[in-house]
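Note sheet for the following structure.
Count residues from 1 along the sequence.
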Amino acid sequence: MKVIILAAGRGSRLGERTRNKPKCMCALCGRTLLDRCLETLERAGISRPDIGIVTGYRSDMFRVPGVAYFHNEVWEQTNMFYSLTMARKWLEREPCLVCYSDIVFAPEVIRLLADCAVPLAITSYTGYWELWQRRMDNPLEDLETFRADENGQLLEIGRKPQNRAGIQGQFMGLLRFTPESWGWVEETIRHPLPKTVDKLDMTTLLQEMLRRGCPIQVISTDALWLECDSEHDIEAYEREFSKELAQ
């Protein structure tokens with residue numbers, strides 16, 4: 001099983017913490033987000049030769065031994081999905097997990113995704129409300145819709161919610177593609193989209209795939225998951241999750 005880590009972004013919302021380094025090299029309780037990601041993958045049984053990192057901003061700072069590298073030269077003008085296409089050769093050839101580099105997550109979630117025998121699966125964090133309350137005053141201003149049916153098939157993702165009724169969880173930045181489902185992606189982006197391919201974000205892509213009838217399996221979890229998007233996030237996590245982050 002290959003794993004593609006998306007690490008092209010600068011993370012300007014992290015201010016001085018990322019002025020001269022990529023977002024994934026921001027420290028959280030003394031360890032960089034990238035180091036935490038790599039350690040979690042190792043604990044989940046993923047070896048370095050099976051890991052690929054998509055770089056962009058300050059690619060010269062990446063010196064992880066034993067991994068493959070892909071580079072997005074136009075990282076500043078493009079979004080997450082475009083960075084993922086830099087690893088297209090892997091995605092076309094064999095099953096791949098895709099992992100954002102600005103998240104903290106548990107190794108068991110990787111194992112669940114790796115063992116999921118469907119063409120396309122994503123994970124959903126069910127403890128989102130309590131986490132967002134710690135991150136901001138009005139969670140509904142930032143949260144996105146996320147609904148699945150009783151069989152775990154995704155129904156809706158990435159839209160502006162009117163209330164909590166349309167939010168069963170939050171997308172975690174963890175996905176599993178097979179060559180079959182990557183073919184669905186390639187077919188989807190051949191058609192008109194709400195955004196151009198270079199500006200396409202992952203949830204908009206997934207919503208468009210749903211609209212075209214592509215099945216997307218949801219794996220729900222309440223295991224620790226943190227999204228590091230701003231300086232306030234880092235400060236809140238270091239204050240409130242220091243014990244969990246020390247493990």
Side-chain angles (χ1 to χ4, degrees), residues 1-7 37 40-41 44 46 52 54 79-85 87-88 90-91 94-129 131-132 142-161 166-189 193-195 200-229:
M1 178 69 65
K2 301 288 192 184
V3 177
I4 301 165
I5 301 174
L6 301 177
C37 180
T40 299
L41 293 176
I46 307 295
V54 182
N79 213 326
M80 197 77 78
F81 172 71
Y82 188 85
S83 288
L84 179 59
T85 64
R88 180 180 271 116
W90 275 19
L91 292 153
E94 60 188 293
C96 294
L97 303 186
V98 177
C99 174
Y100 289 12
S101 63
D102 62 350
I103 59 173
V104 175
F105 53 96
E108 56 261 36
V109 181
I110 294 296
R111 298 188 194 105
L112 288 170
L113 265 179
D115 293 340
C116 188
V118 297
L120 177 53
I122 65 175
T123 59
S124 165
Y125 183 56
T126 58
Y128 71 91
W129 187 255
L131 179 62
W132 256 255
D142 186 71
L143 288 165
E144 297 180 334
T145 58
F146 192 106
R147 296 187 300 110
D149 67 17
E150 63 275 9
N151 298 313
Q153 290 294 303
L154 187 65
L155 298 173
E156 182 183 351
I157 188 172
R159 292 173 172 164
K160 185 68 177 175
I167 314 173
Q168 297 173 354
Q170 282 298 282
F171 174 59
M172 296 169 62
L174 293 165
L175 311 88
R176 179 183 184 273
F177 289 102
T178 63
E180 179 184 3
S181 58
W182 184 251
W184 302 346
V185 172
E186 297 281 15
E187 180 62 27
T188 298
I189 63 176
L193 298 167
K195 302 177 182 180
L200 190 62
D201 58 88
M202 209 69 73
T203 55
T204 299
L205 170 69
L206 294 172
Q207 182 61 44
E208 285 301 300
M209 293 178 72
L210 287 176
R211 192 174 65 82
R212 294 185 57 79
C214 301
I216 303 173
Q217 182 68 43
V218 174
I219 299 173
S220 297
T221 181
D222 61 358
L224 178 68
W225 174 79
L226 303 173
E227 177 186 48
C228 303
D229 226 16

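In this structure the side chain of E108 never reaches within 4.5 angstrom of the side chain of T221, judged on heavy atoms. Counting only heavy atoms from C-beta outward, the side chains of Q168 and S124 never approach each other to under 4.5 Å. For the pair L193 and T204, the minimum side-chain heavy-atom distance is 4.5 Å or more. Residues I110 and F105 form a side-chain contact, since some pair of their non-hydrogen atoms from C-beta on lies under 4.5 Å apart. Residues L6 and L84 have side chains in contact (heavy-atom distance under 4.5 Å, counting atoms from C-beta outward). With contacts defined as side-chain heavy-atom distances shorter than 4.5 Å, the pair P95/P179 qualifies. The closest side-chain heavy-atom distance from W184 to P215 is below 4.5 Å. Counting heavy atoms from C-beta outward, L174 and I103 have side chains that approach closer than 4.5 Å.
For L205 against V185, the heavy-atom pair with the smallest separation is CD2-CG1, 4.2 Å. The heavy-atom pair separating A7 from S101 by the smallest distance is CA-OG, 3.4 Å. The minimum heavy-atom distance between A87 and I4, with the atom names listed, is CB-CD1, 3.7 Å. Nearest heavy atoms, S181 versus P119: OG-O, 2.6 Å. Closest non-hydrogen pair, L200 versus F81, comes out as O-CB, 3.2 Å. Of all the heavy atoms in E144 and P161, the pair that sits closest is CA-CD, 4.0 Å.
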Residue pair E94, W90: steps toward the side chain to side chain donor-acceptor pair (under 3.5 Å) verdict: CA-CA 6 Å; E94 60 188 293; W90 275 19; 5.7 Å; no
Stepwise side-chain contact (heavy atoms from CB on, under 4.5 Å) test for Q217 and R176: CA-CA 10 Å; Q217 182 68 43; R176 179 183 184 273; over 6 Å; no
L120/W182 under side-chain contact (heavy atoms from CB on, under 4.5 Å): CA gap, chis, key distance, verdict: CA-CA 8 Å; L120 177 53; W182 184 251; over 6 Å; no
Residue pair E227, W132: steps toward the side-chain contact (heavy atoms from CB on, under 4.5 Å) verdict: CA-CA 10 Å; E227 177 186 48; W132 256 255; 3.7 Å; yes
Derivation and outcome, side-chain contact (heavy atoms from CB on, under 4.5 Å), residues T40 and I46: CA-CA 9 Å; T40 299; I46 307 295; over 6 Å; no
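Partners of Y100 under the ring-ring contact (aromatic ring centres under 6.0 Å, His included) rule, at least two apart in sequence or in another chain, are F171. With sequence neighbours left out, the side-chain hydrogen bond (donor to acceptor under 3.5 Å, both in side chains) criterion links D229 to R13, K23.
Interatomic distance, N79 CG to K195 NZ, rounded to the nearest 0.5 Å: 6.5 Å. Atom CG of residue L206 and atom CD1 of residue I157 lie 5.0 Å apart, to the nearest 0.5 angstrom. Of the inter-residue distances, the one linking M202 atom CE with M209 atom CE reads 10.5 Å to the nearest 0.5 angstrom. To the nearest 0.5 angstrom, T126 atom OG1 is 13.5 Å from I167 atom CD1. Separation of atoms CD1 (I5) and CG (D102) is listed at 12.0 Å; rounding is to 0.5 Å. In this structure, CD1 on I122 lies 9.5 Å from CG on L113, to the nearest 0.5 angstrom.
T145 places a side-chain N or O within 3.5 Å of a backbone atom of R159 that can act as its donor or acceptor partner.
Using cut-offs of 30° and 60° for the angle between ring planes, the Y125 and W225 rings count as tilted.
Atom OH of Y82 has 12 or fewer heavy atoms from other residues, nucleotides or ligands within 6.0 Å.
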